A.B. asks: 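Before I ask anything, let me first share the structure, which is written out below as structure tokens.
Just so we're clear, the structure is a prediction, and the values are computed from it rather than from any experiment.
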Amino acid sequence: MASGSKSEVVKASTQIQGALKPDPVAAGDHLSEGLYFIDREPLRGFYTIDVDEMLVEIVNVKQV
């Protein structure tokens, strides 16, 4: 991966984490069975929300 691409990935990762902190339900789109996704170019993050534990878990990240 080119160095410019690495910085874009780091920036997108930080943006995903920041967007999920205040309101993870509104930040992304629901896929099914409690799995959500959020896009921040060049990444798509997949995550789950445990409301009882107040926990968001990013379960997978891929390039889009």
Side-chain angles (χ1 to χ4, degrees):
M1 184 179 292
S3 128
S5 295
K6 286 181 185 178
S7 66
E8 289 177 14
V9 168
V10 170
K11 181 180 176 183
S13 175
T14 302
Q15 290 175 344
I16 288 172
Q17 292 175 44
L20 294 178
K21 284 182 182 181
D23 189 355
V25 173
D29 295 303
H30 186 252
L31 287 172
S32 68
E33 299 180 19
L35 184 65
Y36 295 79
F37 75 93
I38 182 172
D39 288 339
R40 294 295 185 271
E41 290 292 331
L43 299 179
R44 172 171 283 180
F46 297 90
Y47 62 99
T48 60
I49 304 168
D50 184 334
V51 176
D52 294 334
E53 296 293 323
M54 295 179 60
L55 178 70
V56 175
E57 181 179 7
I58 298 172
V59 295
N60 194 6
V61 178
K62 68 176 192 170
Q63 283 190 286
V64 289

A.B. asks: Taking side-chain contact (heavy atoms from CB on, under 4.5 Å) as the test, write out the residues that go with Glu41, two or more places apart.
C.D. replies: Val64
A.B. asks: Please find the pair of heavy atoms, one from Ile38 and one from Ala19, that lie closest to each other, and give the distance.
C.D. replies: CD1-CB, 3.7 Å
A.B. asks: Show every side chain to side chain donor-acceptor pair (under 3.5 Å) that has at least one partner inside residues 15-37, sequence neighbours left out.
C.D. replies: Ser13-Gln17
A.B. asks: Which heavy atom of Pro42 sits nearest to which heavy atom of Val9, and what is that distance?
C.D. replies: CG-CG2, 4.1 Å
A.B. asks: For residues Leu55 and Val25: do they belong to one hydrophobic cluster (side chain heavy atoms under 4.5 Å, members Ile, Leu, Val, Met, Phe, Trp, Tyr)?
C.D. replies: no
A.B. asks: Rest of the hydrophobic cluster containing Val59 (Ile/Leu/Val/Met/Phe/Trp/Tyr, side-chain heavy atoms under 4.5 Å)?
C.D. replies: Leu31, Leu35, Phe37, Phe46
A.B. asks: CG of Asn60 to OG1 of Thr48: how many Å apart, nearest 0.5 Å?
C.D. replies: 11.5 Å
A.B. asks: Quick one: pull up CD1 in Ile16 and CG in Leu43 and give me the separation to the nearest 0.5 Å.
C.D. replies: 5.0 Å
A.B. asks: Sequence neighbours left out, what passes side chain to side chain donor-acceptor pair (under 3.5 Å) with Arg40? Give chain and number order.
C.D. replies: none
A.B. asks: Which pairs pass ring pair (Phe, Tyr, Trp, His ring centres under 6.0 Å) with one or both residues in residues 5-28, sequence neighbours excluded?
C.D. replies: none
A.B. asks: List for me each residue that meets side-chain contact (heavy atoms from CB on, under 4.5 Å) alongside Asp52, sequence neighbours excluded, and say none if there are none.
C.D. replies: Asp50
A.B. asks: Is there a donor-acceptor pair closer than 3.5 Å between any side-chain N or O of Tyr47 and the backbone N or O of Gly28?
C.D. replies: yes
